[in-house]
Structure formats: structure tokens, C-alpha cells
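Just follow the structure's listing: the first ligand is 1, and inside any ligand the first atom is 1.
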Amino acid sequence: MKVDVLIIGSGIAGLSAAIALAERKRNVMIITRAQDAEESNTLYAQGGIAYKDPHESLKSFKQDIVSAGAGLVNTQAVDRLIEKGPRYIEEILLKKVNVPFDRSHGKYDLGREGAHSEFRVLHSKDYTGKSIELALLKYIERFKNVTIHTNKTAIDLLTLSHHSLNPEDRYKPSTCIGAYIFDQTSGVVETVFAKETLLATGGIGQLYLHTTNPQGARGDGIAMAYRAGGRIINLEYIQFHPTTLYSRERINRFLISEALRGQGAKLINKKGKSFMRLYHKFAELAPRDVVSRAIHSEMLKDNTECVYLDISFKKSSWIKTHFPQIYQTCKSQGIDITCTPIPVVPAAHYLCGGVYVNLSGETTIKGLSAIGEVACNGLHGANRLASTSLLEGLVFGTDCALALGKKLHDTTYYFPKVAPWKTGKEAVDPSLIYQDMNMIKQTMWNYVGLTRGEKQLLRASELLQEFNSQIEQFYKNGLLSDSLIGLRNMAMVSLLVMKAALLNKTSKGCHFRVD
Ligand code: SIN
């Protein structure tokens with residue numbers, strides 16, 4: 001099969017890019033490993049999307065991103081985000097796809113989250129990501145030149161390397177011409193040729209035992225780009241969300257949006273004492289890395305498994321209207337948040353690093369772009385400011401597509417013959433895959449987690465190298481499945497994260513070295 005553009009991933013970045021390309025009459029194929037097109041990190045984003053306070057100059061917005069990023073941000077990326085963000089929200093999300101953001105007295109009801117100095121966050125109750133995702137998918141239905149394929153897992157990128165006797169050619173980047181795609185239903189591996197390929201596969205939360213991220217966040221895009229020779233950066237900067245619902249029974253953590261703290265919710269320890277003022281002048285609204293470590297430290301001090309977040313001072317009806325999803329989910333676990341503090345713990349949430357890209361989303365491999373969480377243009381530096389991830393997907397997804405629209409017009413592409421994918425034949429017991437995934441998650445959680453030290457990292461290094469070589473072997477002979485592909489990617493990306501954390505001895509933002 002041949003397409004103009006292959007987009008791997010169907011969250012806000014991939015869908016924004018698809019819309020801009022479809023409008024430029026390009027034929028676009030979107031694939032997702034999930035059963036439903038909406039299943040993506042975007043679907044689970046609660047708090048909101050940063051817009052602008054009507055009275056602000058946007059200077060303070062820039063300053064907030066730079067400060068949260070602990071001085072490591074690429075200010076050109078920040079300038080692009082704040083210059084284009086409000087415009088794209090208006091043109092695309094409000095006028096074109098009609099996202100139902102909350103209003104109050106005829107105006108958009110702007111919220112505030114951690115490390116924001118102004119009220120500038122647009123939201124749709126506590127399921128903003130879902131409202132955006134569904135509106136984008138609905139809008140895309142009108143384009144005959146966009147097809148969405150679910151239950152299809154990208155295995156590897158198709159790349160041409162430059163074999164030549166000219167020594168100079170060694171430094172030429174390889175070229176991506178599509179991907180091998182595994183059809184989960186038929187078990188067949190398809191070769192999809194694409195003039196341009198876009199990675200929009202999201203993050204890596206599933207490398208950790210506890211995460212707010214869905215099943216697909218297992219680093220597929222990073223692993224594919226790395227295997228193809230792409231540059232990967234800043235993998236040590238993994239943001240832990242400070243407040244996720246603590247439960248002994250459940251591994252995956254339900255997010256308790258920072259928007260609650262934006263509305264005044266207080267963090268309290270086991271003794272019922274508020275503690276955030278001891279750690280930062282912004283207290284509950286300090287940057288996420290600071291809040292997460294403060295919670296961790298209180299838990300260690302009190303030898304307890306969680307701290308608590310209290311919003312019960314607000315009227316019960318107000319809580320139920322503004323945070324219906326959080327209210328219902330906590331209630332289903334026996335916690336009435338209108339009168340009881342919520343038990344919370346930090347969990348892996350967002351990758352600030354990723355596949356290195358420029359502001360147009362180009363990677364170091366020709367024909368391959370990356371957008372959204374899988375990509376890193378330096379926007380978030382060492383720690384992401386709340387409610388900028390949806391905005392990043394919208395802005396850089398759209399801008400990448402605009403640049404590609406022009407490139408597709410000016411470039412001649414050709415596709416050589418490639419060998420069909422060779423797959424192993426040995427059936428793999430799913431419980432073995434589950435067990436290996438669990439070992440990776442435990443190792444990452446215990447040794448490459450919220451805080452890191454050389455001893456733990458070296459232990460992780462031994463374990464992960466061993467897992468990697470075993471899994472690679474097992475993968476070669478095993479009958480292909482979505483989970484086997486995921487396991488191989490998880491093993492590889494865990495090793496990369498561990499190496500990045502080991503090499504970087506300086507604590508900054510969400511990379512915190514105890515030594
Ligand atoms: C939240 O609602 O707290 C998460 C939003 C984000 O990660 O930006």
C-alpha cells in the first residue's frame with residue numbers, strides 16, 4: 001500500500017496534523033494499535049489546555065514555561081507555542097471543531113494549575129482531553145482522503161540507508177519510506193509505503209509500575225526511531241504527576257487533576273497537617289516535580305503509603321458539577337470527595353524528552369517527523385508546565401503538517417522494492433509477556449523513579465541489559481503479537497531511560513539524583 005502520509009498514533013497531535021494535511025488534499029493513513037481510534041493519552045487528559053488570560057501580554061506565560069522547565073527549555077519552541085497556541089485554539093478547536101469548553105457568564109471559564117501565574121486554562125469539566133479528542137475525530141469524518149485504521153501496530157520503520165563507497169555518505173541521514181504494520185486481527189504484516197511518516201505515538205508511562213497513562217504509552221515511537229538510527233534526547237526527564245488516586249488493589253493510577261489544587265484543594269499528611277508551604281512559596285501550585293518530591297518526602301517521614309488531597313471545603317454540588325469524573329471514580333472506590341480527603345500518590349505521567357525534532361517536527365531521519373509527547377523540541381526542558389501538552393500537540397502537529405504540505409509539493413519520492421517482514425513461528429504464552437513487562441515496570445519504578453542514585457541505576461542497568469538480550473532473542477523466534485512488539489519496545493526504551501539517567505549527574509527539574 002502507498003500513501004502520501006502515514007501517521008502512527010491518533011491523539012491530538014496526530015489528528016491535528018491529519019486535518020491540516022487533508023485540507024491540503026493529501027491522502028493520509030492514521031493507524032493506532034488501540035481498538036478504538038479515541039484511545040490515546042489525549043483521551044485521559046483532565047485539567048485543560050493553556051490558552052491566555054485576556055489581560056496578559058503572554059510574557060508571563062513564557063516565563064512560567066521557562067521557570068517550570070528549570071532553565072533547560074528551548075525558548076524558540078516556547079515562543080512558537082505562545083505565538084501560535086491561542087490562535088490555533090481559536091481557529092481549530094473553537095471555530096472549526098467546536099470543542100465544548102466550559103463557560104461562565106458568557107465567557108470562557110479559565111482555570112489555573114501548578115506553576116501558572118495566571119488563570120489561563122480552558123477546560124471541559126474534568127475531561128478536557130476527551131472533549132477535544134472526540135471533536136477532532138468527528139471533524140475528520142468529513143475527509144474522504146483520511147482513513148483511520150485501528151488494531152494495527154507499527155513494528156518498525158522502513159528505512160533506506162545510504163550504502164556508497166563515498167566516505168562522506170556515511171554522515172548522510174537514512175530515509176524513512178513508511179513502516180511495517182502488524183494487523184492484530186489477521187496476524188498479517190503489511191508493508192505501508194509513505195512519502196512522509198509521522199510518529200505521534202505518545203509517551204512511556206507504561207514503563208513504570210504506576211502511571212496515569214493508558215496501555216499504549218509504552219515507548220513504541222521512541223524505540224522505532226532509535227532502531228532506525230534517529231537521535232533521541234532528554235529521556236531522563238520523566239514527569240511524575242503528584243496527585244493520582246492511591247489504591248492498594250489497582251496498579252494503574254487514576255489522575256486527580258491539578259485543577260483541584262487550582263481551585264484551592266490542600267495537600268495534607270497522615271497527621272492532617274498541610275505541608276506544601278514548607279517546600280515551596282507557591283505551596284500546592286508549585287511545579288510538579290517539587291510537589292511530587294514533597295509528597296514522597298512526607299510519605300517517607302510518616303512511613304505511610306499516601307498523603308491526602310482535600311477539596312471538601314467546597315460545596316458538594318459545586319464539586320459534582322466541576323469534577324464529575326473524579327467525583328464518580330472516587331465514589332466507585334468508596335471515597336466521597338465532598339466530605340473526605342482523597343488518598344493520593346505520585347505516578348509516572350509525562351515524558352519531557354523524546355525523539356529529537358526541530359520546530360517543524362523533522363527528526364534526524366529524512367522522511368520521518370515526530371509530534372506530541374513522543375517528540376522533543378526542548379519545549380518542556382527539564383519539567384513540563386501543566387496543561388501545555390494538549391497545546392503542544394495542537395501547535396506542533398499543525399505546524400509539522402503545514403511544513404510537510406509544502407515539502408510534499410516540492411519533492412519527488414520513489415519507493416524501492418523491500419523484502420516482506422519475516423516473523424518467528426513459536427507461539428508465545430501471554431503470561432510470559434505479562435511477567436516480563438511487570439519486571440521492567442518494577443525495575444523502573446524502584447530504581448529509575450522519582451529520585452535516582454548511582455547504586456540503583458547500576459542495578460537497573462544489569463537487570464535491563466539482561467531483559468533486553470533475552471527479550472530480543474525471544475522476539476526473533478516468537479509469533480508476532482501486539483504485546484510482543486510492545487514488550488520489545490518497553491525493554492529497549494527502559495534501557496535508554498536508565499542510561500540517560502545514569503549519565504546525567506545533575507539534578508534538574510524532574511531528574512533528581514539523590515547522590
Ligand atoms: C491534570 O489535569 O492535572 C493533568 C494535566 C496535564 O498533565 O497537563
Side-chain angles (χ1 to χ4, degrees), residues 11-13 40-51 61 64-65 68-69 81 85 89 101-102 109-116 118-133 202-205 208 210-214 217 237-245 252-265 267 276 282 284-292 295 309 311 319 322-327 329-330 337 342 344-352 354 372-373 379-381 383-396 509-510:
I12 185 170
S40 57
N41 273 0
T42 301
L43 190 73
Y44 297 88
Q46 293 182 1
I49 179 164
Y51 178 43
F61 188 10
D64 291 349
I65 297 177
L81 187 88
I89 287 181
F101 291 118
D102 294 342
D109 179 25
L110 298 172
R112 188 175 168 202
E113 290 182 33
H116 281 272
E118 308 279 350
F119 285 78
R120 57 165 85 93
V121 181
L122 278 172
H123 49 88
S124 179
K125 308 267 185 254
D126 57 357
Y127 41 76
T128 311
K130 184 172 178 184
S131 294
I132 294 176
E133 179 76 17
I204 62 167
Y208 285 88
H210 302 298
T211 178
T212 58
N213 294 182
Y237 298 109
I238 292 167
Q239 181 172 77
F240 282 68
H241 196 290
T243 55
T244 70
L245 183 59
N252 280 344
R253 298 285 191 225
F254 175 73
L255 185 66
I256 304 293
S257 175
E258 197 157 81
L260 267 82
R261 280 177 280 133
Q263 293 290 348
L267 279 163
M276 271 314 300
F282 292 164
E284 273 74 6
L285 292 182
R288 284 185 181 164
D289 58 316
V290 177
V291 184
S292 293
I295 292 175
L309 184 69
I311 184 91
I319 295 174
H322 285 78
F323 299 108
Q325 189 186 197
I326 294 176
Y327 170 75
T329 306
C330 290
I337 70 169
I342 312 166
V344 290
V345 279
H349 184 58
Y350 189 88
L351 172 64
C352 302
E373 190 173 347
L379 171 70
H380 306 302
N383 179 39
R384 178 175 66 85
L385 180 69
S387 69
T388 52
S389 55
L390 293 172
L391 190 62
E392 174 190 17
L394 175 71
V395 169
F396 292 101
C510 45

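Atoms of ligand 1 found under 4.0 Å from any heavy atom of S387, numbered from 1 in the order shown, are 6 (C), 8 (O). Near H349, meaning under 4.0 Å from any of its heavy atoms, are these atoms of ligand 1: 4 (C), 6 (C), 7 (O). Close contacts of ligand 1 with H241, meaning ligand atoms under 4.0 Å from a residue heavy atom, involve 1 (C), 3 (O), 4 (C). Near G47, the atoms of ligand 1 lying under 4.0 angstrom from a non-hydrogen atom of the residue are 1 (C), 2 (O). Near E258, meaning under 4.0 Å from one of its heavy atoms, ligand 1 places the atoms 1 (C), 2 (O), 3 (O). Taking a cut-off of under 4.0 Å to the non-hydrogen atoms of A386, the atoms of ligand 1 that pass are 8 (O). With ligand atoms numbered from 1 in the order given, ligand 1 contributes 1 (C), 2 (O), 3 (O) to contacts under 4.0 Å with heavy atoms of S257. Taking every non-hydrogen atom of R384 and a distance limit under 4.0 Å, the qualifying atoms of ligand 1 come out as 6 (C), 7 (O), 8 (O).
Closest heavy-atom approach to atom 4 (C) of ligand 1 within the set R261, R288, Q239, Q46: this belongs to R288.
Below 30°, between 30° and 60°, or above 60°: for F61 and H116 the angle between ring planes is between 30° and 60°, a tilted geometry.
Residue L390 does not touch ligand 1, judged by heavy-atom distances below 4.0 Å.
Of the possible polar contacts, one joining the N213 side chain to the H349 backbone as a donor-acceptor pair under 3.5 Å is found.
For ligand 1, the polar-atom distance check against S389 finds no nitrogen or oxygen pair separated by under 3.5 Å.
Side-chain contact, D102 with H123: a donor N or O sits under 3.5 Å from an acceptor N or O.
Taking the side chain as every heavy atom from C-beta outward, Q46 and F254 approach each other to under 4.5 Å.
Annotation: the span from I342 atom CD1 to T244 atom OG1 amounts to 11.0 Å, rounded to 0.5 Å.
Separation of the Y327 and H322 ring centroids does not fall under the 6.0 Å cut-off. Checked against the 6.0 Å centroid criterion, the rings of F101 and Y51 do not qualify as a close aromatic pair.
In summary, of the residues considered (R288, R112, R384), a salt bridge (charged side-chain N to carboxylate O under 4.0 Å, His left out) with E258 occurs for R288 alone.
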